[in-house]
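Here's the structure, in structure tokens; my notes come after.
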Amino acid sequence: MTDQEKTGGTDFIRARVRRDIDEGRLPHGVVTRFPPEPNGYLHIGHAKSICLNFGVAAEQGGATYLRFDDTNPLKEDDRYVEAIKQDVRWLGFDWGDRLTHASDYFPQLYAFAQDLIRAGKAYVCSLDQEQMRAYRGTLTEPGRNSPDRNRPVAENLDLFARMRAGEFADGAYVLRARIDMASPNINLRDPVLYRIRKVAHQRTGDEWPIYPTYDYTHCICDALEGITHSLCTLEFEDHRPLYDWVLDNINVNFHPPQIEFSRLGLEYTVMSKRLLHRLVDDGHVAGWDDPRMPTIAGLRRRGYTPEAIREFCARIGVTKQDNRIEMDLLEFCIRADLESRAPRGMAVLDPLKVTITNYPAHGGETLSAAWHPKVADLGGRELPFSASLYIERDDFTESPPKGYKRLSPGETVRLRYAYIIRCDAVQKDAQGNVVALECSYLPDSRSGEDTSGVKPKGVIHWVDAGSGVPVTIRNFERLFLVPDPDGDNFTRQINTASVAEHRGIVEPAVLASGEARFQFERVGYFVKDSVLAETFNRTVSLRDTYTPGA
RNA sequence: UGGGGCGUCGCCAAGUGGUAAGGCAGCGGGUUUUGAUCCCGCCAUUCGUAGGUUCGAAUCCUUCCGCCCCAGCCA
């Protein structure tokens, strides 16, 4: 748990909850809910909501429901249900036996609708969608009453029963609340409560030919579950009067307050399910769990930890201000987590062959290195060394800038955990590209027992050619070219170079250990891909403050 | 232009009448066999604007400006 998870934070929602407790309004404790619609995968914006809902309740010894908001079988699919459950669990939250579905309440929802009709608060309307739009008015003009608005109660009851019995085609009728067609709040202009959809539902099958809408369903489910704080995002703010209207007009003895907070915005990515769906469906990414996706599944495959994501959610806070968080903060959180627990290893992404000319050509030795420079408990590993090695191409240059701390002709550098070497000769191909280096090593400079007295330019990582294992290493960049991609220019804003595959080589102990996450020294944090063999995904690079020439 | 929200450092965010927390980023320095980590220091006379109330305002009142959301039988 992070500090904020322990103390509970000071945001306006937690302040409100504490006040409710202090003033004795919650005799049965705090009850919240996370209500995803199973029409896609969860993303980091949902993580914010999950951390908030589960966090607020847990801090007060309360309970949280995981409730699937499954009122629209046209868009929903059971395969998303399992993915969502897995993601919530992986993030570290437990709903216990409080797993529910809006569809669990379909019978009660139906009965309440009949009550509304009897009370003259709802009516069956035959306007088609276009007509209804025309009757609704505009933002600045009031709407007009539906010709069916004064249909007698008995007739409404009969028609609604026949809708339920499946007598009518999709779209023939809807059940509407009878509120106010002139309301400045468009949500109150006789909103639809039920629509006919002769579609099989993932849980209720063909039992219902009619389905309740979100506005009608959500508030009632909240009330029936005794949700003490119904937390949602800002765009539902002007639905609140409708939320309240429904609960005020049915016979239910509990009325949760709806409290809104701003959704998470993250630079260089998108957070709407519609756009995420497009990325997947149009093949811009390999799937919902593509490591470049801001989905929980994508972040997981990328190597993010639940702890880092929770820490991120704690750090961004909860307010009503629109926001767009910099990637730097997310990266800071995962680096901070991995720094202390990821074992170190060495991998070369772009190998440059090095031959130690004064080292026995057929010999070799085994050096040792700790898995972590500060965490002794992590133990150590063996590191094969020989005359034939690979270093990072990037760690050599023929013309070093001022202050260069890597290898260049005539200069010395320490091979991490091993010896100091000097570059004696550079081999090039016909085009003048450097293809290999000839170096000599200082026999008395072995790591830990260095008596050479030589101060090398710096330290670089390396992998023994004979024992190193070839692997694919994937580096990811931001998915979009602009910090705030929009739906209209979406396709043009996608970064088509967001993944770079390297054919690299990694020290044998890394693959031999059972670990998944490593810091490849001087490069970054990586995780073994959960699907592709011998493939590492870069979770995040190491912080790099090197400015050439400086 | 109807309704609903929001405006405190590049990005987040405390603060709710008593004289601008903190984090991320950035910058400078120290330690370092990872140009990492770690450690030090710097980083808003000012709170969208203009007035007003007050001994005193980011906090109260008024004006204006800017941004976001709403016209699905989506959620």
Side-chain angles (χ1 to χ4, degrees), chain A residues 10-11 35-37 39 69 71-72 74-76 125 127-129 132-134 136-143 170-176 182-189 191-197 210-211 213-215 217-218 232-241 260 262 265 267 273-274 312 314-333 335-336 339-340 344 346 369 372-374 403-406 413-418 420 445 447-448 450 456 458-461 483 519-525 541-548 550:
Chain A
T10 58
D11 59 78
E37 183 189 13
N39 67 342
D69 213 333
T71 58
N72 185 1
L74 243 31
K75 294 191 171 181
E76 295 148 11
C125 180
L127 253 28
D128 64 30
Q129 286 197 53
M132 203 180 291
R133 193 183 320 127
R136 185 153 38 227
T138 68
L139 294 179
T140 51
E141 306 157 39
D170 286 16
Y173 291 104
V174 291
L175 181 72
R176 289 227 255 170
S183 173
N185 181 342
I186 292 185
N187 295 123
L188 261 22
R189 317 241 265 227
V192 171
L193 268 25
Y194 268 91
R195 65 293 217 199
I196 299 172
R197 279 233 210 302
I210 56 173
Y211 292 95
T213 54
Y214 164 84
D215 284 311
T217 307
H218 202 83
C232 65
T233 43
L234 250 31
E235 66 270 27
F236 292 103
E237 204 143 19
D238 46 19
H239 289 239
R240 193 169 64 220
E260 310 84 7
S262 53
E267 282 190 341
K273 270 196 198 166
R274 193 187 120 247
F312 173 75
R315 281 171 179 267
I316 57 177
V318 179
T319 67
K320 299 188 72 155
Q321 269 150 257
D322 289 338
N323 60 80
R324 176 169 258 101
I325 311 290
E326 294 176 333
M327 277 291 181
D328 291 316
L329 184 61
L330 219 209
E331 297 192 340
F332 167 82
C333 292
R335 284 193 189 108
E339 153 60 28
S340 60
R344 310 292 126 121
M346 291 197 288
H372 194 286
K374 291 177 182 169
Y404 195 64
K405 296 171 75 169
R406 309 176 197 178
V413 86
R414 172 173 294 283
L415 295 178
R416 178 103 166 130
Y417 305 119
I420 293 173
S445 69
S447 191
D450 184 0
V459 183
I460 64 172
H461 57 98
Q519 182 199 101
F520 289 158
E521 294 199 66
R522 303 207 318 127
V523 184
Y525 293 97
S541 67
L542 247 32
R543 186 161 169 269
D544 182 11
T545 55
Y546 172 55
T547 39

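Residue numbers begin at 1 in each chain, while the letters A, B, ... track the order of the sequences.
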Presence of A/Q321 side-chain N/O under 4.0 Å of B/U8 phosphate oxygens OP1/OP2: yes
Side-chain donor/acceptor contact of A/E326 with base of B/G10 under 3.5 Å: yes
Quiz item: A/S447 side-chain donor-acceptor pair to B/U33 base, under 3.5 Å: yes
Contact under 4.0 Å: A/R136 side-chain N or O vs B/C73 OP1/OP2: yes
Whole-Å C1' distance, B/C43 and B/G23: 14 Å
A/S183 side-chain N/O to B/G3 phosphate OP1/OP2 under 4.0 Å: no
base_contact_polar (B/U37 base, A/R543 side chain, donor-acceptor, <3.5 Å): no
Phosphate-side-chain proximity, A/R189 and B/G72, N/O vs OP1/OP2 below 4.0 Å: no
Salt-bridge present (A/E37, A/K75; N to O < 4.0 Å): no
Base B/G35 paired with A/R406 side chain (donor-acceptor, <3.5 Å): yes
Distance-only donor-acceptor test, A/D238 side-chain atoms vs B/G3 base atoms, 3.5 Å: yes
A/R522 side chain near B/G35 phosphate (N/O to OP1/OP2, under 4.0 Å): yes
Distance, P atom - from B/C47 to B/C9, rounded to whole angstrom: 10 Å
Short side-chain N/O contact from A/T319 to OP1 or OP2 of B/C6, under 4.0 Å: no
Side-chain donor/acceptor contact of A/H461 with base of B/A36 under 3.5 Å: no
Under 3.5 Å donor-acceptor, A/R195 side chain and A/G171 backbone: no
